[in-house]
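Here's the structure we're looking at; comments come further down.
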Amino acid sequence: MMHSGVINVLKPPGMTSHDVVSFIRRLYGIKRVGHAGTLDPAAAGVLPIFLGNATRLVEYLSDADKHYRAELTFGFETDTGDDTGQIIASSPYTRPSSTQIRETLAAFIGVNEQIPPMYSAVKIGGKKLYELARAGQVVERKPRTIMLHAIALVAEHEAGLVFDVTCSKGTYIRTLCADIGRKLNCLAVMSFLVRTRVGNFCLEQSLTLEEIALLKEKAVQKPDSVLAHFPAVILSEQDSNAVKNGRSICCQANALDLVTIYDWQKNFIGIGRKISGAEGQSLLTPVKILSPDR
């Protein structure tokens, strides 16, 4: 039987995101498996895994905002940016005050420029940065624009602090920890990371690999669970068939945006976009139609 859907996996520390994909492939006997947003091997948390035709929806969750809880430790830096790497610099520090910490964290809210770490999956010249780093090479990386929507201090301790952050895709929390440290005039690394949310997939509802192995089919959510934040449109039988065949149809549009499309029996068809047509008409045009798995 071919599965199609999404699993809200609680990735354990010590596994790569690809290790989790391999586990799911073996468990369900399916090759077409993907994930939305790589987590570092040492990190834990929400890792949405897509099966079958649902893999065509990965981009809609990969682009979603992500929430993390991270610990930052003062006093040293590593080649990886976290405490699993080789120490490349260390120095004594004066512990910042709570006021300094809160003000510094608040200063990061908004648009930021971030240089991807060498130990990352970003490709330069066809090679992943971590492959170059393991070969002892350091290459120039261009800054990338990211957005931090919210950042808040959770706890402080003598050697560091714990904070929550909501951010755009492409944000490296390891780099953020180092940048926070520099603003506080301290060297710093990320010493703990858990991803608590990706889009509408939350840590509280995530499943361990052991739970997934027991639940099997019951662990798989419907493909459209990824798109809960999109408005829904239910079509007549005639319009459903037209959209399935790639044709645009006339529609009522309060806003011109992406929508989830369902047939007259409320079966999920795919994603459409409401656009302006000729003579002020609104059209619903198919963007991505999911045919049934076979």
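Remember, it's a predicted structure, so these values are computed and weren't measured experimentally. Side chains are part of it too, since the values below use all heavy atoms of this structure and drop only hydrogens, waters and symmetry mates.
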- Specify the closest pair of heavy atoms between Leu161 and Leu153, including all atoms of both residues, with the distance to one decimal. CB-CD1, 3.9 Å
- Show your reasoning for whether side chain to side chain contact (heavy atoms under 4.5 Å, CB included) applies to Thr285 and Leu283. CA-CA 6 Å; Thr285 185; Leu283 297 178; 5.6 Å; no
- Residues Tyr60 and Val287: closest non-hydrogen pair is OH-CG1, 3.7 Å
- Heavy atoms, side chains only, cut-off 4.5 Å: are Ile101 and Glu156 in contact? yes
- Is Leu57 close to Leu290 at the side-chain level, that is, under 4.5 Å between some pair of heavy atoms? yes
- Item | Lys183 side, atom NZ; Gln100 side, atom CD - distance, nearest 0.5 Å | 13.5 Å
- Path from Leu72 to Phe108 over hydrophobic side-chain contacts below 4.5 Å: yes
- Give a yes or no answer on whether the side chain of Lys66 reaches the backbone of Ala64 with a donor-acceptor pair at less than 3.5 Å. yes
- Task: Give a yes or no on whether Glu204 atom CD has more than 12 heavy-atom contacts from other residues, nucleotides or ligands under 6.0 Å away.
- Result: yes
- Which of these, Arg197, His149, Arg195, sits in a side-chain hydrogen bond (donor to acceptor under 3.5 Å, both in side chains) with His67? Arg197
- Polar side chain donor-acceptor pair, Ser22 to Asp19, under 3.5 angstrom: no
- Message: When you group the ILVMFWY residues by side-chain heavy-atom contacts below 4.5 Å and let the links chain together, are Leu176 and Val154 in the same group?
- Response: no
- Message: Strictly distance-based, threshold 3.5 Å: is any side-chain N or O of Asn112 a donor or acceptor partner for the main-chain N or O of Gly110?
- Response: yes
- Message: Tell me if the CD atom of Gln265 is crowded by more than 12 foreign heavy atoms within 6.0 Å.
- Response: yes
- Note on the structure: In short, Pro13 meets Ala42 closest at the heavy-atom pair CB-O, 3.4 Å
- Message: Could you tell me if Asn241 and Arg247 have a donor-acceptor pair between their side chains, going purely by distance under 3.5 Å?
- Response: no
- Side-chain heavy-atom pair Ile269, Ile289 within 4.5 angstrom cut-off: yes
- salt_bridge(Arg182, Glu77) N-O dist < 4.0 Å: yes
- Query: Can you name the nearest heavy-atom pair linking Arg174 to Thr80, along with the distance?
  - Reply: NH1-O, 2.8 Å
- Query: Between the side chain of Lys11 and the main-chain N/O of Ala43, is any donor-acceptor distance below 3.5 Å?
  - Reply: yes
- Query: Taking all non-hydrogen atoms of both residues, which atom of Ala159 and which atom of Tyr93 are closest, and how far apart?
  - Reply: CA-OH, 3.5 Å
- Query: Is there a side-chain contact between Gln86 and Thr78, using heavy atoms and a 4.5 Å cut-off?
  - Reply: no
- Note on the structure: Correct closest heavy-atom pair for Thr171 and Leu148 would be CG2-CD2, 4.0 Å
